[in-house]
S.K.: 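Below you'll find the structure I mean.
These values consider heavy atoms only, across backbone and side chains, with no hydrogens, waters or symmetry-generated copies.
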Amino acid sequence: MATQRVLPQSKETLLQNYNKRLKDDIRSILDNFTEIIKTAKVEDETQVSRATQAEQDHYEMHVRAANIVRAGESLMKLVSDLKQFLILNDFPSVNEAINQRNQQLRTLQEECDKKLISLRDEIAIDLYELEEEYYSSSCGQWDGVELPLCEAFHRQDSWGSPETTSDPSCANPEDSDHLGTQESMQRHLNSHGSSTSEQS
């Protein structure tokens with residue numbers, strides 16, 4: 001509780017210090033500029049010669065111009081300190097900026113989620129239509145059994161490969177039946193010829 005009471009008091013003291021620096025620097029700039037204008041005024045002759053008076057006025061202008069520059073640099077430093085004070089101590093503004101950024105990111109996330117959901121639905125519809133087209137065509141049939149899409153394409157690719165055509169185990173079932181019929185007919189003719197030769 002003591003720390004919470006001291007912290008606002010230190011902030012108030014710091015702000016009062018900033019306000020005092022601001023007023024002092026502005027007053028310094030105004031006073032020195034006014035004195036430079038007064039020095040530029042030509043006065044009547046006095047006991048001091050004009051050359052000596054001109055040299056004195058020239059030196060005074062340099063000093064007062066240096067004071068104006070110093071006060072300007074002090075004001076720039078004051079601006080930097082005020083910015084640092086706001087960044088480190090203005091928690092409501094910082095929290096508001098964080099909340100606004102979070103809201104923007106949430107809005108962007110919702111938009112991305114909506115686009116992804118829409119894209120998913122479109123892909124699902126297109127995939128359904130492709131599957132309907134595939135299963136309704138002849139490419140999806142294999143000995144009266146519907147094959148999955150990947151299996152059908154795999155077998156379709158294997159039909160045209162040289163390994164498949166040279167391997168008898170991977171031959172077409174219709175070709176195997178045709179070869180079996182020819183072999184049985186050849187064996188029947190051979191047996192008939194041998195029986196004829198025995199009878200003669």
S.K.: Any pair with a residue in residues 109-118 that passes salt bridge (charged side-chain N to carboxylate O under 4.0 Å, His left out), sequence neighbours left out, goes on the list, sorted by first then second residue, please.
M.R.: none

S.K.: Say you draw a straight line from CD1 of Ile26 to CG of Asp31; how long is it, rounded to the nearest 0.5 Å?
M.R.: 11.5 Å

S.K.: Heavy-atom count check: over 12 atoms from other residues, nucleotides or ligands less than 6.0 Å from Tyr18 OH?
M.R.: yes

S.K.: Identify all side-chain donor-acceptor contacts of residues 64-79 below 3.5 Å with residues at least two apart in sequence or on another chain.
M.R.:
{"from": "Arg64", "atom 1": "NE", "to": "Glu60", "atom 2": "OE2", "distance (Å)": "3.1"}
{"from": "Arg64", "atom 1": "NH1", "to": "Asn32", "atom 2": "OD1", "distance (Å)": "3.4"}
{"from": "Asn67", "atom 1": "ND2", "to": "Asn32", "atom 2": "OD1", "distance (Å)": "3.2"}
{"from": "Asn67", "atom 1": "ND2", "to": "Val63", "atom 2": "O", "distance (Å)": "3.4"}
{"from": "Ser74", "atom 1": "OG", "to": "Asp25", "atom 2": "OD1", "distance (Å)": "3.3"}
{"from": "Ser74", "atom 1": "OG", "to": "Asp25", "atom 2": "OD2", "distance (Å)": "2.6"}
{"from": "Lys77", "atom 1": "NZ", "to": "Asp81", "atom 2": "OD1", "distance (Å)": "2.9"}
{"from": "Lys77", "atom 1": "NZ", "to": "Asp81", "atom 2": "OD2", "distance (Å)": "3.2"}

S.K.: Hydrophobic clustering (ILVMFWY, side-chain heavy atoms < 4.5 Å, transitive) - are Ile29 and Ile37 grouped together?
M.R.: yes

S.K.: How is the hydrophobic cluster of Ile117 composed, in terms of its other members, when Ile, Leu, Val, Met, Phe, Trp and Tyr link through side-chain heavy atoms under 4.5 Å apart, directly or indirectly?
M.R.: none

S.K.: Side chains of Glu96 and Gln100, heavy atoms from C-beta outward: is any pair under 4.5 Å?
M.R.: yes

S.K.: Just verifying a value: how many Å separate Leu130 CG and Ile123 CD1, rounded to the nearest 0.5 Å?
M.R.: 11.5 Å

S.K.: Start with the C-alpha distance between Lys20 and Gln16, add both sets of side-chain angles, then the distance that settles side chain to side chain contact (heavy atoms under 4.5 Å, CB included), and finish with yes or no.
M.R.: CA-CA 6 Å; Lys20 184 177 181 300; Gln16 290 177 359; over 6 Å; no

S.K.: Between Leu15 and Asn19, does the side chain to side chain contact (heavy atoms under 4.5 Å, CB included) criterion hold? Intermediate values first, please.
M.R.: CA-CA 6 Å; Leu15 290 175; Asn19 193 13; over 6 Å; no

S.K.: Determine, stepwise, if the pair Asn99 / Gln103 fulfils side chain to side chain contact (heavy atoms under 4.5 Å, CB included).
M.R.: CA-CA 6 Å; Asn99 292 331; Gln103 185 64 31; over 6 Å; no

S.K.: Taking atom types as modelled, find out whether Glu131 and Tyr135 have a side-chain donor-acceptor pair closer than 3.5 angstrom.
M.R.: no

S.K.: Looking at NE2 of His58 and CD of Glu55, how far apart are the two atoms once the value is rounded to the nearest 0.5 Å?
M.R.: 7.0 Å

S.K.: Closest approach of Leu30 and Thr34, non-hydrogen atoms and distance?
M.R.: O-OG1, 2.8 Å

S.K.: Has Gln84 got more than 12 heavy atoms of other residues, nucleotides or ligands less than 6.0 Å from its CD?
M.R.: no

S.K.: Are any of the side-chain nitrogens in Arg21 or Asp24 under 4.0 Å away from the carboxylate oxygens of its partner?
M.R.: no

